[in-house]
Amino acid sequence: MRFNRLLALALALSAMPATAQPELFFGNGQAPVFREEDLDKRFARSKLNQGLKQGTQDAGCAQVLGAMLTLMGETGVLLHKRDENFMLDPVLVNALNTQLVNPRFPGNAFLVAMVRRVLIDRKLPQEWLVTAQALAPYYPAIDMGRLRFLANGVKPLDSFLVTLPALRERYAQEVQRATSVGASTAEALFRENYLDHEVAFGALELVDLKLEKPKKKRLKKGEEPEAPYMLARLLWVEPEAPTTERFEFNFGKAPKRPRVEISAKLQDAQFADLNKLLKGSRVLVRGRFWEYKKGLTSIELRDALIFPERDWAKTPSLADPAAVASCPLAVNDLTGLAPIQPGAFGTHR
């Protein structure tokens, strides 16, 4: 597999054609198999990988390692079984290409190699997690919860393409715009095609978290009462349309933007500290798409995990390019194609 093929960063599903069918969201249901290749062997011997495993005392390299581990955590919760691609926030894609790529260090290729290592091993290497823990006090952008999730084993989504905007678009296309002939079966087909899939929804507002006690009911012989569970109530509001340079005068109340209410029954074990989450926090939730109300105004998820989510547009900096340039770990001993190769190929520069 070519590393540049894997780095096909999906930025938005809304660009997909309106005729997209469910199989284009979920593929054939079989996760791709990742096997060791030359790229992976070179990465195992690379200086960056040694730094990930052993840590560093160099301030510039601490920025490089912190940035790469941050990117790994951000993409790791969205790994999916549909195909070989992975998802990264567009702001982070830009930061990766402008701050962590220079003539002697292809940071984007190294990120691909890190993702491949995790997918081959089916988990984040424990040494990387230890290094991240050591760096976290000095590099607060690292999300330790996301890295612990990966260290516990890769659990891919069915598809990261099923975002809330995409799901609402498909519902409008397949159900609400169905003709009278197809209306009787459209809702049932939508349920059959999209329910009971492992999905992730981001850019959500946390409304509340509470311990929910199941309703009392008469138990059958040998039946155990249902245990209390943690329930997250979340809200998605359609983003405002981009502003134009024209002056527009709107009178009366502004129109309400579409919204979706989400109730997520959480797993007992969470990788984020729920006690530190506040009402109004921006979060990402992943879980099994269990139920929805007609019109897709509310959604229920089961077996869900919740993670804090940064608005990277407000903090787009990952590393100082000067620190990357001075870091002895940030050299191209991965692809052998960089024009400047300090100490590589038997040449001293």
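Below, each value reflects all heavy atoms present in this structure, side chains not excepted, and no hydrogens, waters or symmetry copies. Please read these numbers as outputs of a predicted model, since none were measured by experiment.
- Both Ile120 and Leu79 belong to a single network of hydrophobic side chains, linked directly or stepwise wherever heavy atoms of I, L, V, M, F, W or Y lie under 4.5 Å apart.
- Surrounding NZ of Lys123 are at most 12 heavy atoms belonging to other residues, nucleotides or ligands under 6.0 Å away.
- Transitive grouping of hydrophobic side chains (ILVMFWY, heavy atoms separated by less than 4.5 Å) keeps Val130 and Leu147 in distinct clusters.
- Heavy-atom minimum distance, Met68 versus Leu111: CE-N, 3.5 Å.
- The two atoms that bring Gly55 and Thr131 nearest to each other are N-OG1, 3.6 Å, heavy atoms only.
- When atom types are taken as modelled, the side chain of Ser281 and the backbone of Leu278 share a donor-acceptor pair closer than 3.5 angstrom.
- From Leu305, atom CG reaches atom CZ of Phe271 across 6.0 Å, with rounding to the nearest 0.5 Å.
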Candidate pair Leu124 and Val154, rule side chain to side chain contact (heavy atoms under 4.5 Å, CB included), full reasoning: CA-CA 8 Å; Leu124 185 88; Val154 173; over 6 Å; no
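- For the pair Arg286 and Glu198, the minimum side-chain heavy-atom distance is below 4.5 Å.
- Using a 4.0 Å cut-off between charged side-chain N and carboxylate O, Glu238 and Arg257 make no salt bridge.
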Step-by-step side chain to side chain contact (heavy atoms under 4.5 Å, CB included) determination, Phe43 to Leu52: CA-CA 11 Å; Phe43 174 72; Leu52 289 169; 4.1 Å; yes
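- Cluster membership for Leu195 and Leu157, using ILVMFWY side-chain heavy atoms within less than 4.5 angstrom, is shared.
- Here the rule is side-chain contact (heavy atoms from CB on, under 4.5 Å) with Phe110, and of Asn49, Asp333, Leu96 only Asp333 fits it.
- When each of Lys294, Gln176, Glu187, Arg177 is paired with Tyr171, the side chain to side chain donor-acceptor pair (under 3.5 Å) condition holds for Glu187 and for no other.
- Inter-residue side-chain proximity for Trp290 and Leu301 is flagged as unmet; no heavy-atom pair is nearer than 4.5 Å.
- Taking the side chain as every heavy atom from C-beta outward, Val331 and Phe105 never approach each other to under 4.5 Å.
- Between Arg191 and Glu291 there is a salt bridge, since a side-chain N of the basic residue sits under 4.0 Å from a carboxylate O of the acidic one.
- The pair Glu300-Arg302 counts as a salt bridge, with a side-chain nitrogen and a carboxylate oxygen less than 4.0 angstrom apart.
- Val162 has its side chain out of reach of His197: every pair of non-hydrogen atoms, C-beta onward, lies at least 4.5 Å apart.
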Stepwise side chain to side chain contact (heavy atoms under 4.5 Å, CB included) check, Leu266 with Leu274: CA-CA 11 Å; Leu266 302 184; Leu274 300 185; 4.1 Å; yes
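- Across all non-hydrogen atoms, the minimal contact from Asp58 to Gly60 is OD1-N, 2.9 Å.
- Checked for salt-bridge contact, Asp40 and Arg117 miss the test: no charged N lies under 4.0 Å from a carboxylate O.
- Under a 3.5 Å cut-off, the side chain of Asn152 and the backbone N or O of Arg148 do not form any donor-acceptor pair.
- Arg288 CZ to Asp303 CG: the interatomic distance, rounded to the nearest 0.5 Å, is 7.5 Å.
- Closest approach of Val77 to Arg146, counting heavy atoms only: CG2-NH1, 3.3 Å.
- Distance CD/Gln99 to CG/Leu318: 5.0 Å, rounded to 0.5 Å.
- Note that NZ of Lys213 and OH of Tyr229 are 12.5 Å apart. Values are rounded to the nearest 0.5 Å.
- At distances below 3.5 Å, at least one donor-acceptor pair connects side-chain atoms of Thr75 with backbone N or O atoms of Met87.
- In this structure, Arg310 satisfies the cation-pi test against Trp312, with its NZ or CZ atom closer than 6.0 Å to the six-membered ring centre and inside 45 degrees of the ring normal.
- Arg104 and Ala330 get closest at one heavy-atom pair: NE-O, 3.3 Å.
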Side chain to side chain contact (heavy atoms under 4.5 Å, CB included) evaluation trace for Phe190 with Leu167: CA-CA 10 Å; Phe190 186 86; Leu167 196 61; 4.0 Å; yes
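- Tested against Leu234, the residues Ile299, Val207, Leu204 include a single side-chain contact (heavy atoms from CB on, under 4.5 Å) partner, Leu204.
- Between Asp158 and Lys81 there is a salt bridge, since at least one side-chain N of the basic residue sits less than 4.0 Å from a carboxylate O of the acidic one.
- No chain of hydrophobic side-chain contacts below 4.5 Å, direct or via other Ile, Leu, Val, Met, Phe, Trp or Tyr residues, connects Leu69 to Val101.
- Inter-residue side-chain proximity for Leu329 and Leu65 is flagged as met; some heavy-atom pair is nearer than 4.5 Å.
- The shortest heavy-atom contact between Leu135 and Gly66 is CD1-N, 3.9 Å.
- The environment of OH in Tyr138 is sparse: at most 12 heavy-atom neighbours from other residues, nucleotides or ligands sit within 6.0 Å.
- One N or O on the side chain of Ser159 and one on the backbone of Phe25 form a donor-acceptor pair closer than 3.5 Å.
- Using a 4.5 Å heavy-atom cutoff, the side chains of Leu71 and Leu100 are in contact.
- Using a 4.5 Å cut-off on side-chain heavy atoms (C-beta onward), Trp128 and Val118 make contact.
- Hydrophobic clustering places Met230 together with Val285 (ILVMFWY residues linked when any side-chain heavy atoms are closer than 4.5 Å, directly or through intermediates).
- The closest side-chain heavy-atom distance from Leu92 to Glu74 is below 4.5 Å.
- By the neighbour-count criterion of 12 heavy atoms within 6.0 Å, atom CD of Glu261 is sparsely surrounded, having that number or fewer from other residues, nucleotides or ligands.
- Annotation: Tyr194 is not in aromatic contact with Tyr292 [ring centroid separation under 6.0 Å not met].
- Interatomic distance, Ser298 OG to Ile262 CD1, rounded to the nearest 0.5 Å: 9.5 Å.
- For Thr98 (side chain) and Asn94 (main-chain N/O), a donor-acceptor pair under 3.5 Å exists by modelled atom type.
- The main-chain N or O of Arg35 is found under 3.5 Å from a side-chain atom of Arg116 such that the two form a donor-acceptor pair.
- Residues Phe160 and His80 bring their aromatic ring centres within 6.0 Å.
- The number of heavy atoms from other shown groups lying within 6.0 Å of CG (Asp268) does not exceed 12.
- A distance-only check finds no donor-acceptor pair linking the side chain of Arg233 to the backbone of Leu206 [under 3.5 Å].
- Between the CZ atom in Arg259 and the CG atom in Leu164 there is a gap of 13.5 Å [rounded to 0.5 Å].
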